[in-house]
Amino acid sequence: MDKEHLIELISNSLIYESKNFKSRESSGEILNYLNRLNLEQLRTMSKEFIL
């Protein structure tokens with residue numbers, strides 16, 4: 001799975017699961033944060049969502 005796909009999955013999960021991310025600005029902040037992470041960090045984060 002590539003980085004873009006992981007970012008999409010994680011950000012969608014975060015936005016869906018949290019009521020704090022209602023605005024588009026917040027979702028943009030999430031995407032910026034995830035883009036700064038490396039691929040291994042994203043893989044670890046995605047595994048945490050699965051569990």
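If you read the sequence from its start, that first residue is 1, and numbering goes on from there. Worth knowing before you read on, the calculation uses all heavy atoms, side chains too, and leaves out hydrogens, waters and symmetry mates. Predicted model, so just to flag it, every value in this text is computed and none were measured.
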Once rounded to the nearest 0.5 Å, what's the spacing between atom [atom1] of [X] and atom [atom2] of [Y]?
{"X": "Ser11", "Y": "Asn32", "atom1": "OG", "atom2": "CG", "result": "11.0 Å"}
{"X": "Ile10", "Y": "Leu42", "atom1": "CD1", "atom2": "CG", "result": "5.0 Å"}
{"X": "Ile7", "Y": "Leu39", "atom1": "CD1", "atom2": "CG", "result": "9.0 Å"}

Q: Could you walk me through whether Leu6 and Met45 pass side-chain contact (heavy atoms from CB on, under 4.5 Å), step by step?
A: CA-CA 9 Å; Leu6 280 172; Met45 189 179 283; over 6 Å; no
(Q) I'd like to check the side chain to side chain contact (heavy atoms under 4.5 Å, CB included) partners of Glu8; sequence neighbours left out, ordered by chain and number. (A) Asn12
Q. Under the side chain to side chain contact (heavy atoms under 4.5 Å, CB included) test, which residues partner Leu9, sequence neighbours left out?
A. Met1, His5
Q: Could you list the residues that satisfy salt bridge (charged side-chain N to carboxylate O under 4.0 Å, His left out) with Glu4, not counting sequence neighbours?
A: none
**Q.** Test side-chain contact (heavy atoms from CB on, under 4.5 Å) applied to Asn38 and Gln41, step by step
**A.** CA-CA 5 Å; Asn38 67 41; Gln41 290 169 315; 3.4 Å; yes
Q: Output yes when a side-chain donor or acceptor of Lys3 lies under 3.5 Å from a complementary backbone atom of Leu37, and no otherwise.
A: yes
(Q) Please list all pairs meeting salt bridge (charged side-chain N to carboxylate O under 4.0 Å, His left out) that have one or both residues in residues 31-41, counting only residues at least two apart or in different chains. (A) Glu40-Arg43
